There are 2 protein chains.
Amino acid sequence: MNKERIPEAVIRRLPKYFRYLKEMEERGAVRVSSSKMSRDLGFNASQIRRDLNCFGGFGQQGYGYSVPKLRSEIARIMGLNREHTVAVIGAGNIGQALVSYDRFAREGFKVAAIFDVAPGRIGQEAGGQRIRPLSELEEFVKKTPVEIGVICTPQSAAQDTADLLVRLGFRGIWNFAPIDVQVPAGVSLENVHLNDSLYVLAYRLRAESSEI
Amino acid sequence: MNKERIPEAVIRRLPKYFRYLKEMEERGAVRVSSSKMSRDLGFNASQIRRDLNCFGGFGQQGYGYSVPKLRSEIARIMGLNREHTVAVIGAGNIGQALVSYDRFAREGFKVAAIFDVAPGRIGQEAGGQRIRPLSELEEFVKKTPVEIGVICTPQSAAQDTADLLVRLGFRGIWNFAPIDVQVPAGVSLENVHLNDSLYVLAYRLRAESSEI
């Protein structure tokens with residue numbers, strides 16, 4: 001399958017399908033129709049069918065989708081059927097929270113190590129890991145292949161950190177610093193802007209109170 | 001202005017405009033054209049003009065937009081020109097990280113208090129705040145009006161927490177539990193799914209390595 005042909009919007013919806021199906025499966029559901037998915041997810045039923053068709057169309061007319069099959073197929077498509085190793089750069093609040101967040105590990109994202117530059121943090125513990133000096137990152141990845149680098153540095157250090165990760169051969173970057181870092185083609189990047197959804201919430205509060 | 005007429009997609013782009021203009025302003029920029037914004041943000045220039053026109057059109061042909069004026073206008077539209085008070089429910093890793101994250105306070109989101117149900121956490125400190133028992137929330141909001149409740153509980157407690165917040169008159173809910181909670185009309189809700197962007201990253205890593 002040509003990856004170019006999967007629209008970005010479909011890719012963005014995949015996690016929602018995955019979460020939904022996982023919940024359904026945990027509750028013991030075996031089959032689900034696109035119309036039930038539509039009601040539960042708030043997407044149009046024909047859009048759901050089109051989305052899932054992008055990946056080969058596993059539904060049967062009048063029968064619906066097999067929940068475990070569709071869940072595992074989407075997991076496979078998203079690369080969630082194997083383990084990913086992660087290094088966290090920056091052991092501030094967000095970095096420490098991510099290292100301690102057992103949900104990531106349960107979903108196959110294993111934190112191999114956490115790094116910082118602050119002498120006061122190096123050697124301390126976060127989520128059961130000793131915080132290492134960033135100067136050891138290069139040596140570390142020579143011995144332990146790490147795929148994804150998580151940037152939890154202050155904004156001012158984020159781009160330098162991204163450049164370092166790229167130079168060391170990281171293939172994916174998950175950026176929590178409040179700035180869109182730049183990476184070359186071939187490196188996958190997700191910028192997480194926690195504030196953005198807070199801004200949207202503030203907007204809605206304002207719109208609801210009709211002050212606009 | 002009729003809030004119904006602002007498309008959801010425009011609302012979702014507003015935080016990006018805001019962050020961009022704030023950075024421009026910090027660097028001393030006075031004016032910006034839609035074509036420069038287009039290059040920097042990766043949006044289509046005519047889309048940018050249309051988006052900004054939704055809010056009254058502050059640009060002048062051949063002159064561009066005034067950076068500080070547009071930044072402050074978007075801040076006003078998003079309700080960021082005033083302080084918001086926030087209560088965090090759940091003092092686990094994510095809750096503690098959010099309370100300690102000074103960026104929110106700098107942008108006008110003040111954490112009034114943090115609550116938990118675990119005896120081992122109550123009375124401890126997080127981000128300079130004493131963790132209070134959740135049973136005190138009702139009394140607390142009678143004395144201190146709080147607008148936004150942040151759900152940082154385990155998944156199993158998230159919907160009950162949302163119901164409680166709604167009953168106590170919270171107008172906005174920012175949910176970090178990995179489940180889409182339901183709230184009645186009139187309450188604004190943003191579900192944050194940290195894992196979703198990690199899934200998208202995993203997908204891209206897989207697509208880049210052409211294993212699909």
Side-chain angles (χ1 to χ4, degrees), chain A residues 1 3 6 11-12 14-16 18-19 23 55 76-80 84 92-101 103-104 107-109 127 147-148 171-174 178-180 186-212, chain B residues 1 3 6 11-12 14-16 18-19 23 55 76-80 84 92-101 103-104 107-109 127 147-148 171-174 178-180 186-212:
Chain A
M1 183 181 298
K3 72 189 180 196
I6 300 169
I11 296 167
R12 293 273 157 206
L14 275 182
K16 297 193 203 316
F18 179 71
R19 275 193 278 111
E23 261 179 58
F55 299 102
R76 192 192 63 78
I77 287 163
M78 289 199 300
L80 297 179
H84 294 81
N93 299 311
I94 298 285
Q96 295 209 19
L98 291 179
V99 174
S100 311
Y101 197 39
R103 195 176 168 83
F104 295 130
E107 302 208 329
F109 296 88
E147 241 185 318
I148 298 175
R171 295 184 52 234
I173 292 180
W174 202 28
I179 182 177
D180 287 328
V187 176
S188 301
L189 168 71
E190 280 289 305
N191 289 302
V192 180
H193 290 291
L194 288 181
N195 279 27
D196 282 11
S197 69
L198 194 53
Y199 293 162
V200 170
L201 192 56
Y203 168 80
R204 290 198 207 288
L205 288 173
R206 184 167 165 72
E208 282 287 337
S209 63
S210 302
E211 290 166 8
I212 290 178
Chain B
M1 182 181 299
K3 71 186 181 198
I6 300 169
I11 296 167
R12 293 273 157 207
L14 275 181
K16 296 193 204 315
F18 178 71
R19 274 192 279 113
E23 261 179 57
F55 299 102
R76 192 192 62 78
I77 287 164
M78 290 199 298
L80 298 179
H84 295 81
N93 299 312
I94 299 285
Q96 295 210 20
L98 291 178
V99 174
S100 311
Y101 197 38
R103 194 175 171 84
F104 295 129
E107 302 207 330
F109 296 88
E147 240 185 318
I148 298 174
R171 293 184 53 235
I173 292 180
W174 202 27
I179 182 178
D180 287 328
V187 176
S188 302
L189 168 71
E190 280 288 305
N191 290 302
V192 179
H193 290 291
L194 288 180
N195 279 28
D196 282 12
S197 69
L198 194 54
Y199 294 163
V200 170
L201 193 56
Y203 169 80
R204 291 198 206 288
L205 288 173
R206 185 166 165 72
E208 282 287 337
S209 63
S210 300
E211 290 164 10
I212 288 176

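No experiment lies behind these values; they were computed from the predicted model shown. Proteins get letters first, then strands, A, B, ... in listed order; numbering begins at 1 in each.
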* To do: Start with the C-alpha distance between A:Leu194 and B:Leu194, add both sets of side-chain angles, then the distance that settles side chain to side chain contact (heavy atoms under 4.5 Å, CB included), and finish with yes or no.
  => CA-CA 9 Å; A:Leu194 288 181; B:Leu194 288 180; 3.9 Å; yes
* Report the option among A:Ile173, A:Val187, A:Asn191, A:Ile179 that has the most heavy-atom pairs separated by less than 4.5 Å from atoms of chain B. => A:Ile173
* Starting at CG of B:Leu98, measure out to CD1 of A:Ile94 and round the result to the nearest 0.5 Å. => 6.0 Å
* Find the distance between CG (A:Asp180) and NZ (B:Lys16) and round it off to the nearest 0.5 Å. => 7.0 Å
* Asked: Heavy-atom distance under 4.5 Å between the side chains of B:Leu80 and A:Tyr203, does that happen here?
  -> no
* Structure fact -> In this structure, CE of A:Met78 is separated from CZ of B:Arg204 (nearest 0.5 Å) by 12.5 Å
* Reported CZ-to-OG distance for the pair A:Arg12 and B:Ser197, which is rounded to 0.5 angstrom -> 7.5 Å
* **Residue part contacting chain B, namely of A:Gln96, when any heavy atom lies under 4.5 Å** => neither
* Rounded to the nearest 0.5 Å, how far does CG of B:Leu189 lie from CG of A:Leu201? -> 8.0 Å
* Between B:Ile148 and A:Leu205, is any pair of side-chain heavy atoms under 4.5 Å apart? -> yes
* Considering residues at least two apart in sequence or located in another chain, which fulfil the salt bridge (charged side-chain N to carboxylate O under 4.0 Å, His left out) criterion with B:Arg171? -> B:Glu147
* To do: Decide, yes or no, whether a salt bridge links A:Asp196 with B:Arg19 under the criterion of side-chain N to carboxylate O below 4.0 Å.
  => yes
* To do: For A:Glu107, enumerate each residue passing the salt bridge (charged side-chain N to carboxylate O under 4.0 Å, His left out) test, keeping only those at least two apart in sequence or located in another chain.
  => A:Lys22, A:Arg103
* Asked: chain A heavy atoms under 4.5 Å from B:Leu198: which part of the residue, side chain, backbone, both or neither?
  -> both
* Going by heavy atoms in the side chains, are B:Tyr199 and A:Leu14 under 4.5 Å from each other? -> no
* Could you check if a side-chain atom of A:Pro15 sits within less than 4.5 angstrom of a side-chain atom of B:Asn195, using non-hydrogen atoms only? => no
